[in-house]
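Read through the structure below, which is laid out as structure tokens, and then see the notes.
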Amino acid sequence: MLPHTTSLNEGGWALFLDVDGTLLEIAETPQDVQVPDSLKQLLQDLELRLHGALALISGRSLSNLDQLFSPLRLCASGTHGCERRDINGALTVPAIDATRLAAARAELHHFVNQHPGLILEDKHYGLAMHFRRAPQFGVPVQNKMRAILESLGPDFTLQAGKCVFELRPAAWNKGVSVTTFMQELPFRNRTPIYIGDDVTDEDAFAAVNAMQGMSIRVGETIDSYARHRLRGVSEVLRWLQVNPPAPFVPAGLAP
């Protein structure tokens, strides 16, 4: 449980949290992760204290997030901003050319069958190729995804991550999601905090910085828009449990 304090409520903070590598350790495959009940309780406590101004901002799909964090149904953005659910449960999803994406999906399935160890994650609005179990295929995966991107055209972009390349609609990203949430209640007129661990979170860091919020990168990196650091998942959870967000750099958080 969080310590008894009113600073989360009175401070007017909005909290945005990446999932893999931030709240959960990265697993060998996306299906291998499990969410402990203690984390679900922590998120529920934080959501209550922030009067609902908490959202998960993930590369995972919304349906996958709901499965992982059940029975919680938090405000969330999935597939790097392509899907978004607001405080009222209303969904926003992109319009895409299903025919072109279906052709890309079939081609990538064939590619996976030829390269043991690769995993194709179908997010409906995007396609992610994981090579954590077969790092020797990192360059071929990148080249293949770039070639398919050319066939999809300018409506799509290629997103690099940790041992993954993902094709996704170009008009959406995590920064767009955070900015849109901040225009709605209960996030409006609050100061955003964003915690993430990956290059996919950089758009959100930039958006939060523009709103004079707190951007926190998890793990070691040289180039990042984030203005603060936490060393790993355990530090993130400890900070959320022990140090309620406040307009200063808390203990354990290094700029």
Side-chain angles (χ1 to χ4, degrees), residues 16-22 26 30 55-65 76-85 91-112 115 118-132 135 137-183 194 196-210 215 217-218 221 223-226:
F16 299 96
L17 299 168
D18 174 46
V19 176
D20 295 278
T22 299
I26 293 177
L56 301 179
I57 311 290
S58 177
R60 292 178 180 268
S61 66
L62 285 183
S63 61
N64 189 208
L65 289 174
S77 172
T79 319
H80 304 293
C82 293
E83 309 170 281
R84 198 176 65 85
R85 179 173 62 225
L91 297 178
T92 303
V93 297
I96 62 170
D97 188 333
T99 302
R100 282 191 296 167
L101 199 59
R105 185 179 293 111
E107 188 172 348
L108 288 177
H109 273 299
H110 180 68
F111 185 81
V112 167
H115 297 79
L118 297 182
I119 297 174
L120 180 62
E121 184 182 5
D122 189 347
K123 301 182 180 181
H124 186 66
Y125 304 103
L127 298 165
M129 184 78 76
H130 298 265
F131 55 93
R132 184 173 297 277
F137 295 137
V139 172
V141 166
Q142 184 179 26
N143 292 338
K144 184 65 175 178
M145 298 295 264
R146 282 177 172 171
I148 292 179
L149 177 63
E150 291 185 8
S151 69
L152 290 174
D155 291 339
F156 284 80
T157 189
L158 183 61
Q159 176 75 65
K162 293 181 178 178
C163 295
V164 62
F165 287 99
E166 179 171 346
L167 294 164
R168 62 169 179 80
W172 291 268
N173 59 51
K174 292 183 176 182
V176 172
S177 285
V178 170
T179 300
T180 304
F181 272 123
M182 290 298 295
Q183 295 169 356
Y194 188 96
D197 77 303
D198 201 353
V199 65
T200 63
D201 299 300
E202 290 298 324
D203 291 314
F205 293 146
V208 165
N209 291 344
S215 53
R217 177 86 182 229
V218 182
T221 184
D223 298 320
S224 177
Y225 289 120

For this session: Kindly determine whether F131 and H115 satisfy side-chain contact (heavy atoms from CB on, under 4.5 Å), including the steps that lead there.
Result: CA-CA 10 Å; F131 55 93; H115 297 79; over 6 Å; no
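- Listed here is the closest heavy atom pair of L62 and A76: CD2-CB, 3.6 Å.
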For this session: Start with the C-alpha distance between L167 and L158, add both sets of side-chain angles, then the distance that settles side-chain contact (heavy atoms from CB on, under 4.5 Å), and finish with yes or no.
Result: CA-CA 5 Å; L167 294 164; L158 183 61; 3.9 Å; yes
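- The number of heavy-atom neighbours closer than 6.0 Å to CZ of F111, taken from other residues, nucleotides and ligands shown, is above 12.
- Listed by first and then second residue, the side-chain hydrogen bond (donor to acceptor under 3.5 Å, both in side chains) pairs involving residues 163-181 are D18-K174, S77-S177, H80-E166, K123-E166, Q159-R168, K174-T200, K174-D201 (not counting sequence neighbours).
- Distance check: L101 CG to D155 CG gives 11.5 Å after rounding to the nearest 0.5 Å.
- Here D197 pairs with K162 under the salt bridge (charged side-chain N to carboxylate O under 4.0 Å, His left out) rule; sequence neighbours left out.
- Annotation for S215 and A226: closest pair OG-CA, 3.4 Å, computed over non-hydrogen atoms.
- Applying the salt bridge (charged side-chain N to carboxylate O under 4.0 Å, His left out) test to D203 and every residue at least two apart in sequence or in another chain returns nothing.
- With salt bridges taken as basic N to acidic carboxylate O contacts below 4.0 Å, one links R217 and E202.
- Of all the heavy atoms in F156 and L149, the pair that sits closest is O-CD1, 3.4 Å.
- Minimum heavy-atom separation, L127 to M145: O-CE, 3.5 Å.
- In this structure, F181 and R84 have side chains that are in contact, with non-hydrogen atoms separated by less than 4.5 Å.
- With F205 as reference, Y194 is the one residue of Y194, F16, Y225 to meet the ring pair (Phe, Tyr, Trp, His ring centres under 6.0 Å) rule.
- Closest approach of D198 to G161, counting heavy atoms only: OD2-CA, 3.6 Å.
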Exercise. Given L91 and E83, is the side-chain contact (heavy atoms from CB on, under 4.5 Å) satisfied, shown in steps?
Worked result: CA-CA 7 Å; L91 297 178; E83 309 170 281; over 6 Å; no
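- L120 contributes atom CG, which lies 5.0 Å from atom NE2 of H109 (distance to the nearest 0.5 angstrom).
- The two atoms that bring S58 and D20 nearest to each other are OG-OD2, 4.5 Å, heavy atoms only.
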